[in-house]
Visitor: 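To start, I am sharing the structure in question, which I have written as structure tokens.
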There are 2 protein chains.
Amino acid sequence: MEYTKITSDLLELIKAAVGAESVFTDQDSLNTYCHDETEDLKYYPEVVVKPKDTASVAALLKLCNEKHVPVTPRGGGTGLSGGALPVFGGVLLSMEKFKQIIDIDTENLQAVVEPGVITEEFMNAVAEKGLLYPIDPSSKGSCFIGGNVAHGSGGPRVVKYGTIREYILNLEVVLPTGEVIWTGANTLKYASGYNLTQLMIGSEGTLGVVTKIVTKLIPRSEHSVLMMASFSENEQACGAVSAIFRAGVIPSALEFMERRGVEWVIEYDDIKFDLKDGVNAFLLIEFDGDDMDSIFKDCEKVNVVLEEFGCTDVLFADTAAQKNELWRIRRTMPESVKSNSIYKEEDTVVPRAALPQLIKGIKEIGSRYGFESVCYGHAGDGNLHVNIIKAGMSDEDWKNKLKDGIVEVFELTSALGGTISGEHGIGLVQKDFMPIKYSEINLNLMRSIKKVFDPAGILNPGKIF
Amino acid sequence: MEYTKITSDLLELIKAAVGAESVFTDQDSLNTYCHDETEDLKYYPEVVVKPKDTASVAALLKLCNEKHVPVTPRGGGTGLSGGALPVFGGVLLSMEKFKQIIDIDTENLQAVVEPGVITEEFMNAVAEKGLLYPIDPSSKGSCFIGGNVAHGSGGPRVVKYGTIREYILNLEVVLPTGEVIWTGANTLKYASGYNLTQLMIGSEGTLGVVTKIVTKLIPRSEHSVLMMASFSENEQACGAVSAIFRAGVIPSALEFMERRGVEWVIEYDDIKFDLKDGVNAFLLIEFDGDDMDSIFKDCEKVNVVLEEFGCTDVLFADTAAQKNELWRIRRTMPESVKSNSIYKEEDTVVPRAALPQLIKGIKEIGSRYGFESVCYGHAGDGNLHVNIIKAGMSDEDWKNKLKDGIVEVFELTSALGGTISGEHGIGLVQKDFMPIKYSEINLNLMRSIKKVFDPAGILNPGKIF
């Protein structure tokens with residue numbers, strides 16, 4: 001697709017639209033915004049714009065729509081699928097100035113927040129009022145809530161609390177043509193025409209730029225308990241996952257980790273953890289609630305299941321410090337793996353009872369293609385992050401052969417009823433794999449919906465399909 | 001819009017497409033399918049088609065798309081917004097033969113079900129396996145799960161368990177052009193392009209015809225307790241609602257009922273209930289869980305709140321018979337009201353702390369326009385069903401003046417952050433009110449999305465916008 005390059009005249013128009021103080025073309029800015037956290041990919045924008053309000057975003061999009069300049073919206077830049085990479089150059093629209101928590105409404109248990117607020121800061125502000133916003137991806141300390149909306153984010157507590165889809169009530173959105181809408185209403189239920197709020201969630205900044213977010217909040221549980229269960233085999237740990245739910249228990253988190261991931265965390269960080277011989281897989285299981293007796297009853301039920309699946313050891317954490325230390329193992333795993341090897345991260349998700357088949361299949365595919373993998377993730381949701389490790393694979397095979405292996409991983413995922421991304425999105429790096437799961441009819445529906453919102457194709461082009 | 005009338009030649013083509021045994025033009029059939037449960041509206045189809053499988057639906061839609069014949073899909077016919085009324089004649093597509101529960105997967109806690117299965121039958125089948133599918137509208141004994149998907153249905157347990165949106169994982173859909181797709185994947189999380197599943201939910205049969213439904217299931221709670229709390233004023237009862245959540249409690253149901261509704265239920269049905277003088281409003285509050293001690297702790301917390309809001313009496317039900325009897329009051333209320341007076345039912349929804357303002361405003365508007373109202377509904381979600389009663393209003397005012405009053409009700413709803421339907425949908429009878437809440441830009445986005453799926457405009461025309 002041919003886009004207009006940003007000339008000095010056009011730059012002046014952009015400055016006039018959003019204010020000169022919000023427009024950056026210095027090399028440092030271009031270097032900062034040419035990448036997100038997707039592998040080592042770099043695409044340089046021509047200009048970085050950091051507008052301060054909705055009207056400026058609207059003016060910018062209107063101008064870029066008229067002039068046919070591509071605009072790539074960006075949140076915290078923590079994306080793993082390249083969704084914020086400006087692959088056609090043009091304008092990088094950083095939402096980092098939208099930092100206000102506008103309202104925490106303790107009467108209605110709702111909040112109004114701008115998209116540039118860091119997820120953890122929002123969670124903390126809400127917690128100070130005794131409330132819970134449970135959507136906490138591993139990157140919660142640096143990702144923006146706007147980016148979470150764009151990706152339909154999850155995190156470890158989805159298993160009990162649902163994804164961000166269940167917390168977003170209404171969105172203020174600037175359309176690529178510069179018009180501003182609210183997508184819905186500030187209500188817990190909605191049956192008033194097509195659900196534009198739900199359509200916007202997970203659309204990866206291709207349909208509009210979110211400028212205000214209305215979220216649902218819930219009461220905060222008073223207590224929690226964390227268990228770390230050890231197994232000698234991946235398949236045992238993965239097998240226990242679906243059995244826990246069949247036992248009638250819904251934990252507030254249920255994470256899987258391979259031994260190698262834990263080893264690398266111990267190497268990377270100063271975490272103290274006694275990694276025993278013969279232990280090759282872990283489940284991190286959290287329960288929360290207002291009643292400790294009730295939590296312990298759930299723990300007992302789960303213990304029975306864990307024993308059935310050959311669990312060799314269960315570590316209980318009930319102080320805040322112990323819990324933090326165990327959670328830190330899981331939360332540090334992505335960066336530990338990244339720091340350790342050239343890698344590619346895939347975000348498989350399957351019906352949860354299919355996890356043992358999935359992980360077994362991944363290892364088998366890896367052994368045929370010569371790649372290793374470190375798997376971990378939100379097992380309670382059937383969501384396994386597969387970190388493919390270059391290890392002994394030759395540069396040439398990594399470059400040319402690996403893709404066929406990834407295709408096989410996704411074919412397996414799809415055959416098990418799953419899909420190619422549970423929470424990381426499609427963005428740039430997964431879009432070639434979409435046809436593995438989705439028919440050309442599905443993809444054409446998506447492309448046509450894109451055209452409804454963005455007839456000129458200026459907003460985050462080159463993503464998803 | 002001009003549509004092709006069904007000639008005898010066209011009828012033969014329809015019979016060839018779906019099988020002659022599935023095609024009905026007798027007067028009885030036309031009489032049966034000319035109405036749903038929306039007021040006394042009647043629109044006659046030219047032909048009723050009851051296909052047996054996805055391929056027949058696809059063949060029918062392909063033909064009707066080519067010939068420009070309108071097709072109105074219909075579930076159980078229990079709709080309250082006229083969504084299943086064939087306003088342009090043509091084909092009435094009844095999904096009543098899609099009655100199979102294809103699979104209840106107790107490993108993954110998922111089910112695959114056809115859209116013509118009655119909601120309660122599905123719930124019972126799931127309950128037999130010890131599982132819960134919690135979406136139970138008042139019409140659960142006769143509505144179809146396909147209709148529930150089309151309306152984004154709720155019911156009393158949304159307050160704890162969420163709407164049907166949170167239970168539908170994947171849909172097989174026949175597009176108006178006759179193509180068949182699966183909208184997503186059988187997974188609890190999904191970040192693989194635009195969420196067509198969520199777009200289909202609540203689209204009221206205007207974007208495609210659902211032919212298979214994959215649902216999430218959850219473990220069933222072992223215990224429940226039901227409380228009926230009495231108040232002397234509507235505003236007290238409504239005020240207590242948001243305070244219950246602020247006390248950190250999430251009930252599994254939280255329903256509001258006005259005295260008049262209860263009176264009419266007692267008259268209509270053989271329900272025994274001691275309706276005391278001075279009591280004018282009720283909250284029906286249910287708790288469920290696996291641990292009775294924990295449930296009782298929640299009841300105690302709620303009791304404190306109820307007292308603060310002037311609750312005069314609390315009735316506890318813990319046997320199945322007592323619980324059924326109290327629930328029957330609430331569930332019988334819609335038909336009791338309908339049988340008692342000419343009425344119009346509106347489905348307001350607001351942020352829950354705004355309920356006292358909403359109900360006060362409705363009564364005030366009623367007194368200016370001369371209508372009475374009986375209000376009840378899912379107060380925990382801020383969802384109030386407003387049954388406008390003709391009472392002493394003249395026929396002429398009912399016909400000509402009432403609409404202005406309804407406009408005022410929706411303007412109030414909208415001003416309070418709410419919307420014009422929480423779960424009944426827009427269909428035919430609410431579409432004139434859409435511009436009260438939604439801008440022309442929103443409505444045009446919806447119209448354009450409709451065109452993407454249904455370029456010829458044959459599927460359920462005349463609805464929503």
Side-chain angles (χ1 to χ4, degrees), chain A residues 106-110 151-152 154 158 162-163 166 179 181 185-196 198-199 202-203 219 242 245 248 250 290-291 293-294 297 349-353 381-383 417-426 434 437 439 441-442 445-446 448-449 452 464-465, chain B residues 107-110 151-152 154 158 162-163 166 179 181 185-196 198-199 202-203 219 242 245-246 248 250 290-291 293-294 297 349-353 381-383 417-426 434 437 439 441-442 445-446 448-449 452 464-465:
Chain A
T106 55
E107 295 289 303
N108 283 301
L109 309 198
Q110 296 184 0
H151 279 81
V158 168
T163 72
E166 298 170 30
E179 292 157 312
I181 62 167
N186 298 358
T187 53
L188 297 167
K189 293 161 96 172
Y190 183 88
S192 306
Y194 303 155
N195 199 311
L196 301 181
Q198 289 294 327
L199 183 58
S203 65
S242 59
F245 297 87
I250 299 182
D290 288 340
D291 186 41
D293 293 341
S294 176
K297 282 179 194 167
V349 58
V350 293
R352 64 169 93 87
D381 314 313
N383 187 195
T419 184
I420 60 180
S421 178
E423 57 176 25
H424 292 175
I426 301 306
M434 283 288 275
K437 179 73 188 179
S439 75
I441 304 167
N442 289 54
L445 286 173
M446 293 187 199
S448 300
I449 291 169
V452 166
I464 303 182
F465 28 69
Chain B
E107 296 287 304
N108 283 302
L109 308 198
Q110 296 184 1
H151 280 82
V158 168
T163 72
E166 298 170 29
E179 292 157 312
I181 63 167
N186 298 359
T187 54
L188 298 168
K189 294 161 96 173
Y190 182 88
S192 306
Y194 304 155
N195 199 311
L196 301 180
Q198 290 294 327
L199 183 58
S203 65
S242 59
F245 297 87
R246 293 201 297 277
I250 300 181
D290 288 340
D291 185 43
D293 293 340
S294 176
K297 282 179 194 167
V349 57
V350 293
R352 64 169 93 87
D381 314 314
N383 187 196
T419 183
I420 60 181
S421 177
E423 56 176 27
H424 292 175
I426 301 306
M434 282 288 274
K437 180 72 188 179
S439 74
I441 303 168
N442 289 53
L445 286 174
M446 292 186 200
S448 300
I449 291 168
V452 165
I464 304 182
F465 28 70

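Excluded from the calculations below are hydrogen atoms, water molecules and symmetry mates; all remaining heavy atoms, backbone and side chain alike, are included.
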Visitor: Could you check which of B/Pro219, B/Ala185, B/Ser421, B/Ala353 has the highest count of heavy-atom pairs closer than 4.5 Å to chain A?
Guide: B/Ser421

Visitor: Please look at B/Asn442 and chain A and tell me whether the side chain, the backbone, both or neither of the residue comes under 4.5 angstrom of a heavy atom of that chain.
Guide: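 It is both, since atoms from each part get that close.
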
Visitor: Counting heavy-atom pairs under 4.5 Å with chain B, which one of A/Val349, A/Val158, A/Thr187 comes out on top?
Guide: A/Thr187

Visitor: Between B/Gln110 and B/Asn186, is there a donor-acceptor pair closer than 3.5 Å when you use the side chain of the first and the backbone of the second?
Guide: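 Yes, because the side chain of B/Gln110 sits within donor-acceptor range (under 3.5 Å) of the backbone of B/Asn186.
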
Visitor: With chain B as the partner, which of A/Ser439, A/Gly152, A/Gly248 has the greatest number of non-hydrogen pairs under 4.5 Å?
Guide: A/Gly248

Visitor: What residue, out of A/Lys437, A/His424, A/His151, has the most heavy-atom pairs lying under 4.5 Å from chain B?
Guide: A/Lys437

Visitor: Relative to chain B, which segment of A/Leu196 carries a heavy atom at a distance below 4.5 Å: side chain, backbone, both, or neither?
Guide: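 Only the side chain of A/Leu196 comes within 4.5 Å of chain B.
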
Visitor: With a 4.0 Å cut-off, would you call B/Asp290 and A/Lys297 a salt bridge?
Guide: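 No salt bridge links B/Asp290 with A/Lys297.
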
Visitor: For B/Ile420, is it the side chain, the backbone, both or neither that has a heavy atom under 4.5 Å from a heavy atom of chain A?
Guide: both

Visitor: Based on non-hydrogen pairs under 4.5 Å, which of A/Asn108, A/Val350, A/Thr106, A/Ile181 is most in contact with chain B?
Guide: A/Asn108

Visitor: Does the side chain of A/Ser192 come under 3.5 Å of the side chain of B/Thr419 through a donor N or O and an acceptor N or O?
Guide: yes

Visitor: Can you tell which of A/Asp381, A/Asn383, A/Ile250, A/Ile464 has the highest number of heavy-atom pairs within less than 4.5 Å of chain B?
Guide: A/Asp381

Visitor: Please rank A/Ser203, A/Gly162, A/Gly202 by heavy-atom pairs under 4.5 Å with chain B and give me the top one.
Guide: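 Counting heavy-atom pairs under 4.5 Å, the top option is A/Ser203.
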
